[in-house]
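Computed from a predicted structure; not experimentally measured. In the text below, chain A, chain B and the rest are named by the order of the sequence lines, each starting its count at 1. Below, all heavy atoms of this structure are taken into account, side chains as well, without hydrogens, waters or symmetry copies.
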Amino acid sequence: MAVIEAAHPVNFRYFCAKFKTVMSQNLSEQEVQRRESLEALRQMGVEPYPAAEYKSSHFSTAILEGFAEDEKASTWEKVSISGRIMTKRIMGKASFLDIMDSQGRIQVYLNRDVLCPGEDKGLYNVVFKRHLDIGDFIGIEGKVFRTQLGEITIEASQLTVLSKSLRPLPIVKKDEEGNVYDAFTDPEQRYRMRYVDLVVNDHVKQTFITRTRIMNAMREFFNSYDYLEVETPILQPIPGGAAARPFITHHNALNIPLYLRIANELYLKRLIVGGFEGVYEFAKDFRNEGMDRTHNPEFTVMEIYVAYKDYFWMMDFTERMLEHVVKSVHQGKTEVQLGDKKLNFQAPFARVTMRDAILEHTGHDIDGKSEEELRAICQDLGIEVEKSMGKGKLIDEIFGEKCEPNYIQPTFIIDYPVEMSPLCKKHRDNPEYTERFELMINGKEVANAYSELNDPIDQRERFEEQLRLSEKGDDEAMFIDQDFIRALEYGMPPTSGMGIGIDRLTMMLTNNASIQEVLFFPQMKPEKKAEKKVELNDNEKLVYEILKPEGQMDLTALKEKAGLSNKQWDKTVKSLTKSGWILVEKDQQGLLVKLT
RNA sequence: GACUCAGUAGCUCAGCUGGUAGAGCAUCUCCCUUUUAAGGAGAGGGUCCAGGGUUCGAGCCCCUGCUGAGUCACCA
């Protein structure tokens, strides 16, 4: 905050001021009531935002599970929990409420005379019944019991206000058959106010917990090999390691452009040059391209590089790693439901060369074909091509169009054409191809891996080829990174590297069709709020000025004098009436407009 | 970027052929000491996304814009 302010003092302050204005106006009735409750609590000496730590003895789930196991245990005589009020069911001198903490929900029973044993029933009658709302945080101390209907419940002997909520939460209700009512479902609101989404939609929280568990399981797997988790620059002078359009920014002190990374590959390989056996990084990458349900401008990729290995080893490593991950987030099972499909992550996965894949799905053999011949094949298959496309791009088009959607179960597509893989070693048996694989799942690329190119002279030539593509009009061909070539010239051991899209993998393992569902805060257009009109507009001024000397006028006369169209007249009068400038009265003659 | 659909109370959604804006939940008042989508009685709450137009009259019809979703295109 301070940094931003220093850099753009004027804009920042302007923004804050504007924000405050917008936020303080237009309170709904319920928001006003909650502010009044806040004040009332303070006046009763109940601090709505106390500073002190609240010590809870249990999470909701621990009580529910523990009590079910042993109802007699003495621990249940006195427990304390803290969380949000999610429902309130008041029945005169007793009430039930559900408290939600980070683990789940538990019911609380408030009995007026148990909570307030003395003369003063204010805590129950006034603080709880009148001034606490759904969404407020409270602490409850009491004993655990079972209601007549058998629900495990805490009977409160103490209630502490922990934090007052000033906005009403959407209320999502469930009946006994599990049908959900009034769910908070509007995607725009859910993404813009993810905090609300997380509070009221349990499954959303679950998705994000799974996301973290996926990453933890990977980390666990890599660490068991003693590979090192590292961090490399996000601000890069040359955006390398992938073909994509970067975001550009500027460094003031150095006075140079810097790019947000599109990949971290070239930095991780420098670390292999430096002598690490294996390095990996969970990296945020940034690409200045279109957005849709599988693309967000910033996304997370895990890349790993291991010395003295080739892509065969990496395939084996990848399928075992994924099997481990899937089992650890799906209770030991390798099957995953995704929409109406079942995916099975049991290793080993199928392996198909790109040539065989195209042969199988189109009948064309790309082996040894020239650029012109490939162009003809594209034409034959009805695939649109552009002049800037080289052999690699053409083959990629054919594959993407005709083959990719067919690979639903995890499948390694191997041996890509040399033109489309400038950082990859040429195939040991055929220099037209490279030692590369991509992992396809549900018709989408999820992982990408190479036997890394470590011949510095070959690498320079491949970069130069990219430069030629760029001159031909390919705006995402790679830049030449001289320092990276210098690093290779010092020598990099044979190395295999692999990158895997964490967002897409998470989508598949949590049964979500949209990337926005697996990102806490997906990128969205800025929210626009109309500022509330305080002054009168021209039409309103006009009508007011005509009326002012008269004090009151016949409506038809006033309308004629104002000369406004019907629609504008209607709007103007409604607006003036609403904001209390004028009054329209009906008498026997007709309608009369009065100043107030 | 193109097309399709949507935007009405805090939330979910009705709204007929263009004729005084509705329901459930939430909120407020009253009743109710083991309820659970608690219940009963009553009340309040609206920039119908915004701006134009047609019309005696627009939530509804027309135009423009904004926002979102979906499909396609671009893009890994």
Side-chain angles (χ1 to χ4, degrees), chain A residues 26-34 36-37 86-98 105 107-115 124 129-130 133-135 145-151 153 155 166-192 196 200 242-245 262-263 285 287-295 297 299 301 384 386 396 400 404 420 438 440 444-448 475-476 499 501 503-504 513-514 516 524-530 532-533 537 565-571 574-575 578-579:
Chain A
N26 283 334
L27 291 181
S28 71
E29 187 192 26
Q30 293 189 49
E31 289 172 291
V32 172
Q33 276 158 2
R34 285 178 180 229
E36 285 166 3
S37 285
M86 294 308 282
T87 69
K88 249 178 123 181
R89 293 183 290 280
I90 297 176
M91 297 174 301
K93 299 182 186 65
S95 300
F96 288 91
L97 49 151
D98 289 354
R105 292 179 184 219
Q107 179 168 269
V108 169
Y109 174 63
L110 287 187
N111 181 304
R112 188 193 65 182
D113 299 324
V114 174
L115 187 63
Y124 180 79
K129 272 171 70 174
R130 204 174 289 269
D133 296 299
I134 289 172
F145 74 109
R146 233 181 241 278
T147 63
Q148 288 175 358
L149 288 163
E151 180 157 349
T153 303
E155 184 184 63
L166 295 181
R167 286 173 181 260
L169 282 172
I171 313 279
V172 182
K173 295 207 166 191
K174 251 190 224 170
D175 67 16
E176 51 197 10
E177 278 145 29
N179 300 315
V180 178
Y181 298 84
D182 301 334
F184 181 60
T185 51
D186 178 30
E188 176 175 7
Q189 294 207 63
R190 286 183 47 234
Y191 302 152
R192 286 197 195 281
V196 176
V200 303
R245 281 199 291 274
I262 55 173
D285 288 345
R287 297 186 184 178
N288 204 344
E289 290 165 351
M291 289 165 60
D292 59 29
R293 67 180 205 294
T294 54
H295 296 83
F299 58 102
V301 171
E384 280 183 42
E386 283 165 31
D396 192 30
E404 202 172 75
M420 52 193 290
E438 286 198 355
M440 297 291 156
K444 288 259 156 35
E445 171 213 334
V446 172
N448 181 20
D475 59 357
E476 50 177 47
D503 309 297
R504 289 187 185 176
S514 163
Q516 297 172 104
M524 304 197 63
K525 287 197 191 174
E527 191 172 6
K528 272 190 198 152
K529 269 206 164 173
K532 193 183 167 149
K533 185 185 63 180
N537 68 23
S565 77
N566 285 321
K567 181 133 187 166
Q568 284 176 334
W569 165 256
D570 187 59
K571 261 208 149 60
K574 274 181 183 162
S575 166
K578 190 157 193 160
S579 45

Check: Rounding to the closest angstrom, what is the interatomic distance between B/rA38 and B/rG24 at atom P?
Finding: 15 Å
Notebook entry, point to check: Rounding to the closest angstrom, what is the interatomic distance between B/rC5 and B/rA9 at atom P?
Noted result: 22 Å
Item checked: Opposite nucleotide pairing with B/rG68, Watson-Crick or G-U, both atom distances under 3.5 Å -> B/rC5
Item checked: Results of side-chain contact (heavy atoms from CB on, under 4.5 Å) for A/Pro297 - residues two or more places apart only -> A/Phe247, A/Met291, A/Gln523
Notebook entry, point to check: Is A/Glu151 paired with A/Arg146 through a side-chain N to carboxylate O contact shorter than 4.0 Å?
Noted result: no
Check: Just by protein heavy atoms under 4.0 Å, how would nucleotides 7-15 of chain B read 5' to 3' in B, S and -?
Finding: ---BSB---
Notebook entry, point to check: Atom CD of A/Glu188 and atom C1' of B/rC49: how far apart are they, to the nearest Å?
Noted result: 10 Å
Notebook entry, point to check: Reckon A/Arg190 touches a base, only the sugar-phosphate, or nothing at all at heavy-atom distances under 4.0 Å?
Noted result: nothing
Notebook entry, point to check: Looking only at atom P, what distance separates B/rC48 and B/rA21, rounded to whole Å?
Noted result: 11 Å
Next item on the list: Give the nucleotide from the list B/rU33, B/rA76, B/rU36 with an atom nearest to the side chain of A/Tyr109.
Entry: B/rU33
Checklist line | Sugar-phosphate only, base, or nothing, as touched by A/Glu404 at under 4.0 Å among non-hydrogen atoms | finding: base
Checklist line | Set of residues satisfying side-chain contact (heavy atoms from CB on, under 4.5 Å) with respect to A/Asp186, sequence neighbours excluded | finding: A/Glu188, A/Gln189
Check: RNA chain B: A/Gly400 or A/Asp98, which has the more 5' nearest nucleotide?
Finding: A/Asp98
Item checked: Between P of B/rA38 and CG of A/Leu110, the distance in whole Å -> 16 Å
Check: Under the side-chain contact (heavy atoms from CB on, under 4.5 Å) criterion, do A/Glu289 and A/His295 qualify, and how do the steps go?
Finding: CA-CA 8 Å; A/Glu289 290 165 351; A/His295 296 83; 5.6 Å; no
Note to self: Taking the P atom in each of B/rC49 and B/rG44, what is the distance between them to the nearest angstrom?
What the structure shows: 24 Å
Margin query: For B/rC11, give the paired nucleotide (Watson-Crick: N1-N3 plus N6-O4 or O6-N4; G-U: N1-O2 and O6-N3; both under 3.5 Å), or none.
Written below: B/rG24
Notebook entry, point to check: Rounding to the closest angstrom, what is the interatomic distance between B/rG15 and B/rG7 at atom P?
Noted result: 10 Å
Notebook entry, point to check: Want to settle it: does A/Ser514 or A/Thr153 sit nearer the 5' end of RNA chain B, counting the closest nucleotide to each?
Noted result: A/Thr153
Next item on the list: Name the pairing partner of B/rC74, where a pair is Watson-Crick or G-U wobble with both distances under 3.5 Å, or state none.
Entry: none
Check: Starting at NZ of A/Lys174 and ending at P of B/rA38, how long is that distance when rounded to a whole Å?
Finding: 13 Å
Next item on the list: Send over the distance from A/Phe96 CZ to B/rU33 C1', rounded to a whole Å.
Entry: 9 Å
Note to self: Closer than 3.5 angstrom, by distance alone: can the side chain of A/Arg287 be matched with the main-chain N or O of A/Ala244 as a donor-acceptor pair?
What the structure shows: no
Distances under 3.5 Å only, N/O to N/O: pair up the protein atoms with those of nucleotides 72-74 of chain B.
from	atom 1	to	atom 2	distance (Å)
B/rC74	N4	A/Asp292	OD2	3.4

Checklist line | P atoms of B/rG46 and B/rA23, separation to the nearest Å | finding: 14 Å
Next item on the list: Determine the interatomic distance between C1' on B/rG22 and the same-named atom on B/rC16; round to the nearest Å.
Entry: 13 Å
Check: How would you list, by chain and number, every residue that makes a ring pair (Phe, Tyr, Trp, His ring centres under 6.0 Å) with A/Tyr124, sequence neighbours excluded?
Finding: A/Phe128
Item checked: All side chain to side chain donor-acceptor pair (under 3.5 Å) counterparts of A/Asn111, not counting sequence neighbours -> A/Tyr109
Note to self: How about NZ on A/Lys129, more than 12 heavy atoms from neighbouring residues, nucleotides or ligands closer than 6.0 Å, or not?
What the structure shows: yes
Notebook entry, point to check: So what does A/Arg504 touch, heavy atoms closer than 4.0 Å: a base, only the sugar-phosphate, or nothing?
Noted result: nothing
Item checked: Closest listed nucleotide, where the reference is the side chain of A/Phe145 and the choices are B/rA76, B/rU33, B/rU34 -> B/rU34
Next item on the list: Dump the intermediate steps for side-chain contact (heavy atoms from CB on, under 4.5 Å) on A/Val172 and A/Val180, then the final yes or no.
Entry: CA-CA 7 Å; A/Val172 182; A/Val180 178; 3.4 Å; yes
Check: Using purine N1 to pyrimidine N3 plus N6-O4 or O6-N4 for Watson-Crick, or N1-O2 and O6-N3 for G-U wobble, both under 3.5 Å, which nucleotide pairs with B/rA38?
Finding: none
Check: Paired with B/rG57 by Watson-Crick or G-U wobble geometry, both distances under 3.5 Å: which nucleotide is it?
Finding: none
Notebook entry, point to check: Looking only at side-chain N and O atoms, does A/Arg89 come under 4.0 Å of OP1 or OP2 in B/rU35?
Noted result: no
Check: Does B/rG51 have a Watson-Crick or wobble partner in any strand here, with both distances under 3.5 angstrom, and which is it?
Finding: B/rC63
Next item on the list: Rounded off to whole Å, could you give me the OH-to-P distance for the A/Tyr191 and B/rA69 pair?
Entry: 7 Å
Check: Can you name the side chain to side chain donor-acceptor pair (under 3.5 Å) partners of A/Asp113, sequence neighbours left out?
Finding: A/Lys121
Next item on the list: Could you list the residues that satisfy side chain to side chain donor-acceptor pair (under 3.5 Å) with A/Gln107, not counting sequence neighbours?
Entry: A/Arg89, A/Thr153
Check: Rounded to the nearest Å, what distance is computed from the NZ atom of residue A/Lys173 to the C1' atom of nucleotide B/rA37?
Finding: 5 Å
Next item on the list: Let me know the distance between CZ of A/Arg105 and C1' of B/rA37, rounded to the nearest Å.
Entry: 12 Å
Check: In chain order, what residues pass the side-chain contact (heavy atoms from CB on, under 4.5 Å) check against A/Lys173, with sequence neighbours excluded?
Finding: A/Ile171, A/Tyr181
Margin query: Rounding to an integer number of angstrom, what distance separates B/rA6 and B/rC63 when you compare their P atoms?
Written below: 14 Å
Next item on the list: Report the distance from atom CZ of A/Arg34 to atom C1' of B/rG45, rounded to the nearest whole Å.
Entry: 15 Å
